[in-house]
Amino acid sequence: MTQRYWLMKSEPEEASIDDLASAKHQTLAWTGVRNYQARNFMRDEMHEGDGVLFYHSSCAVPGIAGLATVASTPYPDPTQFDPKSPYFDPKSTPESPRWLLVDVKLDRKTRLVPLTEMRQMAELDGMQVLARGNRLSITPVSPKHWKFITQHLVEA
DNA sequence: GCCAACGTTGGC
DNA sequence: GCCAACGTTGGC
């Protein structure tokens, strides 16, 4: 199985790179995804060891905040069964869970690479997160884009 | 706070 | 199965 690469958006008010850094084993379950495309990536296409660009969204300076790896096989998102959770899904059952997730483990915090900076890089043309109207919270990243970001952008 | 883009829902 | 209405995302 060849390694793949992903960009995963998180609102820092909910789960920031520092939350990931201070989590047990520097690992967080990627709870709260309620979009089928994003779920399908976690359920069907992500594998342990895949590279993850940890991205801060819906904040003052959106951008890449760290590097991480996929750290589990898919399993049911526990928040879907919790009536007190904002992610509760009354139509989902433990026998047939609708929402699956993976764990994400911090590799390292990086400088914040702003979305505006990424947009200026010709090397990143075609990157899905830069596409007009993109809202998907998990998007694939090509090896070429991953290489450019990790080798040239992430260091100051 | 605005609004473009896109996903979901539900009437028919 | 179509599609209008509505809700959400997320940059700006």
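In the text below, chain A, chain B and the rest are named by the order of the sequence lines, each starting its count at 1. We use all heavy atoms of the structure for the numbers below, so side chains are in, but hydrogens, waters and symmetry mates are not. Computed from a predicted structure; not experimentally measured.
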Identify all pairs in which a protein N or O lies below 3.5 Å from an N or O of nucleotides 9-12 of chain C, and state each distance.
unit_1: C:dT9; atom_1: O3'; unit_2: A:R135; atom_2: O; d: 3.3
unit_1: C:dG10; atom_1: OP1; unit_2: A:K9; atom_2: NZ; d: 3.0
unit_1: C:dG10; atom_1: OP1; unit_2: A:R135; atom_2: O; d: 2.6
unit_1: C:dG11; atom_1: OP1; unit_2: A:Y55; atom_2: OH; d: 2.9
unit_1: C:dG11; atom_1: OP2; unit_2: A:S58; atom_2: N; d: 3.0

(request) Run the numbers on A:L101 and A:V33 for side chain to side chain contact (heavy atoms under 4.5 Å, CB included), then give the verdict. (result) CA-CA 8 Å; A:L101 53 66; A:V33 168; over 6 Å; no

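- The interatomic distance linking A:Y87 (OH) with C:dT8 (P) rounds to 12 Å, in whole Å.
- A ring-centre distance under 6.0 Å is found for A:Y36 and A:W99.
- Rounded to an integer number of Å, the gap from CD of A:Q37 to C1' of B:dG7 is 9 Å.
- Counting heavy-atom neighbours within 6.0 Å of A:E13 CD, excluding the residue itself, gives a total of 12 or less.
- Aromatic rings from A:Y87 and A:W30 are positioned such that their centres are separated by 6.0 Å or more.
- With no hydrogens or angles considered, no side-chain donor-acceptor pair links A:D18 and A:S16 at under 3.5 Å.
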